[in-house]
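In what follows, every chain begins at residue 1, and chains take the letters A, B, ... in the order their sequences are listed.
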2 protein chains.
Amino acid sequence: MISQKAKYALRALVVLARADAQKALFISDIADEQNIPKKFLEQILLDLKREGIVMSRRGKMGGYLLLKPADEITFGEVLRLIDGPIASLPCLSKIAYRRCEDCESEETCEIRHVFHRVANVTRGVLDGTTIADCLAYGKASPIAAVLEG
Amino acid sequence: MISQKAKYALRALVVLARADAQKALFISDIADEQNIPKKFLEQILLDLKREGIVMSRRGKMGGYLLLKPADEITFGEVLRLIDGPIASLPCLSKIAYRRCEDCESEETCEIRHVFHRVANVTRGVLDGTTIADCLAYGKASPIAAVLEG
DNA sequence: TCGATACACGATTAATTCAGTCGTGATTGT
DNA sequence: ACAATCACGACTGAATTAATCGTGTATCGA
């Protein structure tokens, strides 16, 4: 299960991607549209900003807008930022490798090879899917959802 | 990341699968071989027993043995039992479906279709891999690990 | 220049989960 | 009877999750 925070982050990015690329959106507008607690979303957008995915303007007429093009923001990137490693075992993580303490060696670990395959297929989907791939979905065009069944 | 508990469960099952099918193993022997806290493993084996995956004998000369054949115990089955759903979203879980509270509808959810694909490929691996597929690995035959690279 | 509106950011919190540990009881082979 | 083994509920400390609170800073428009 991904965290609630990651879910909010992804949906906020979709909203930003759907908006006019030049026009900043208020936190409160995004929060209202997606039923996200405003203060929590504020925190999330700050994380995304530090990572260079979005930018913000302060003051009246401020708000948030995408810094990276929507088709260059992958699900994998966002999930790693918010939830941490995608791999099921610390010894398989790219961004936060850690040896399993209880494990004698990675070569003879009985289960590592299985989760290595899991990590590969999962990364295949998450690093191969971008925010732009979600634009057809959502309030704007409920019809699009039918396409996938 | 899977839990430590799930990791222990899978490795304990591999140990049981490697043993003589008729001979019960003590909790303490499995715990020692895999560096698992004994009391914690006791709890885990009870879970696996309730599920019908292993059985136990009490008293002196007691111990645990597999109830199901190793090639019929899938990773998916064990992970669902110990860690819960494999799906990344509650609304995609087979064993514990729950509607996402903050989500208007599943048809128009902007991110659901992506995690549906993730769930499919993950299940493909986890439900398609059994404890028997791990027998070549581990202490018994460190050479086998080389085969995969 | 003033004030309303927006983002910035650290601190705090309640609830839950994780990873065990403890203690006692029941069963069985010798 | 005794020792070894599993059974099982209760407990615990640390970490994580999902927020909330409060104050500060920037900016626009009148």
Side-chain angles (χ1 to χ4, degrees), chain A residues 1-12 16 23-32 34-51 53-65 67 79 81-85 88-90 96 98 100-103, chain B residues 1-12 16 23-32 34-51 53-65 67 79 81-85 88-90 96 98 100-103:
Chain A
M1 295 272 179
I2 65 169
S3 69
Q4 196 66 19
K5 194 175 174 184
K7 226 192 299 183
Y8 289 158
L10 289 168
R11 287 218 279 252
L16 286 171
K23 199 185 138 203
L25 299 186
F26 300 144
I27 292 179
S28 45
D29 287 343
I30 303 172
D32 286 352
Q34 293 287 335
N35 299 313
I36 305 173
K38 192 190 155 197
K39 280 299 222 173
F40 197 22
L41 178 56
E42 181 186 307
Q43 218 176 87
I44 292 164
L45 288 170
L46 275 174
D47 286 343
L48 295 173
K49 181 183 167 184
R50 282 186 207 106
E51 193 70 8
I53 297 175
V54 301
M55 58 166 289
S56 65
R57 268 204 305 265
R58 271 154 86 130
K60 214 163 177 170
M61 298 289 100
Y64 275 88
L65 21 80
L67 192 53
L79 287 178
L81 170 64
I82 305 285
D83 279 355
S88 305
L89 297 173
R98 244 179 349 106
C100 291
E101 330 250 322
D102 54 302
C103 195
Chain B
M1 294 270 178
I2 65 169
S3 70
Q4 195 66 22
K5 193 174 174 185
K7 226 191 298 182
Y8 290 158
L10 290 168
R11 287 217 281 250
L16 287 171
K23 199 184 137 205
L25 299 186
F26 299 144
I27 292 179
S28 44
D29 287 343
I30 303 172
D32 286 352
Q34 293 287 336
N35 299 312
I36 306 174
K38 191 189 157 200
K39 280 299 223 173
F40 196 23
L41 179 57
E42 181 185 307
Q43 215 177 89
I44 292 165
L45 288 169
L46 275 173
D47 286 343
L48 295 173
K49 181 184 168 185
R50 283 186 206 106
E51 193 70 7
I53 296 175
V54 300
M55 57 166 290
S56 64
R57 268 205 304 266
R58 272 154 85 131
K60 213 162 176 168
M61 297 290 99
Y64 275 90
L65 21 80
L67 191 54
L79 288 177
L81 170 64
I82 305 285
D83 280 356
S88 305
L89 296 173
R98 243 178 353 106
C100 291
E101 330 251 324
D102 54 303
C103 194

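The side-chain contact (heavy atoms from CB on, under 4.5 Å) search around A:Arg98 returns A:Pro90, A:Glu101, not counting sequence neighbours. For A:Leu81, the side-chain contact (heavy atoms from CB on, under 4.5 Å) partners are A:Leu48, A:Glu51, A:Ile53, not counting sequence neighbours. Residues meeting the side chain to side chain donor-acceptor pair (under 3.5 Å) test with B:Asn35, sequence neighbours left out: none. A search for ring-ring contact (aromatic ring centres under 6.0 Å, His included) contacts involving B:Phe40 returns B:Tyr8, not counting sequence neighbours. A:Ser28 meets the side-chain contact (heavy atoms from CB on, under 4.5 Å) test with A:Phe26, A:Lys38; sequence neighbours excluded. Residues forming a side-chain contact (heavy atoms from CB on, under 4.5 Å) with B:Ala24 (at least two apart in sequence, or on another chain): B:Arg57, B:Leu65. Applying the ring-ring contact (aromatic ring centres under 6.0 Å, His included) criterion to A:Tyr64, with sequence neighbours excluded, gives no partner residue.
What separates NZ of B:Lys49 from C1' of D:dA7 is a distance of 7 Å, to the nearest Å. Separating the CZ atom of B:Phe26 from the C1' atom of D:dA7 is a distance of 16 Å, rounded to the nearest angstrom. Going from atom CD of B:Glu42 over to atom P of C:dG25 covers 15 Å, rounded to whole Å. Across the protein-nucleic acid pair, B:Ile44 atom CD1 and D:dA7 atom P stand 14 Å apart, rounded to whole Å. To the nearest angstrom, C1' of C:dG25 lies 14 Å from CG of B:Leu46. Protein atom CG of A:Asp47 is 13 Å distant from nucleotide atom P of D:dT17, rounded to whole Å. If you take CD1 of B:Ile27 and P of D:dC8, they are 11 Å apart, rounded to a whole angstrom. Look at CD1 on A:Ile82: it is 16 Å from P on D:dT16, rounded to the nearest Å.
An OP1 or OP2 oxygen of C:dA6 is reached within less than 4.0 angstrom by no side-chain nitrogen or oxygen of A:Ser56.
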Are there any protein N/O atoms within less than 3.5 Å of an N/O atom in nucleotides 27-30 of chain D, and if so, which ones and at what distance?
unit_1	atom_1	unit_2	atom_2	d
D:dT27	O2	A:Lys60	N	3.4

Pick out the pairs of N or O atoms, protein on one side and nucleotides 18-21 of chain C on the other, that lie under 3.5 Å.
unit_1	atom_1	unit_2	atom_2	d
C:dA19	OP2	B:Gln4	N	3.3
C:dG20	OP2	B:Tyr8	OH	3.1
C:dT21	O4	B:Gln43	NE2	3.0

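Closest to the side chain of A:Arg50, from the set C:dC9, C:dC7, D:dC8, is C:dC9.
Note on B:Leu45: nothing from the nucleic acid sits closer than 4.0 angstrom, heavy atoms only.
Of all the heavy atoms in B:Leu41 and B:Ala31, the pair that sits closest is CD2-N, 3.6 Å.
Checked by atom type and distance alone, the side chain of A:Asp83 never pairs as donor or acceptor with a backbone atom of A:Ile2 at under 3.5 Å.
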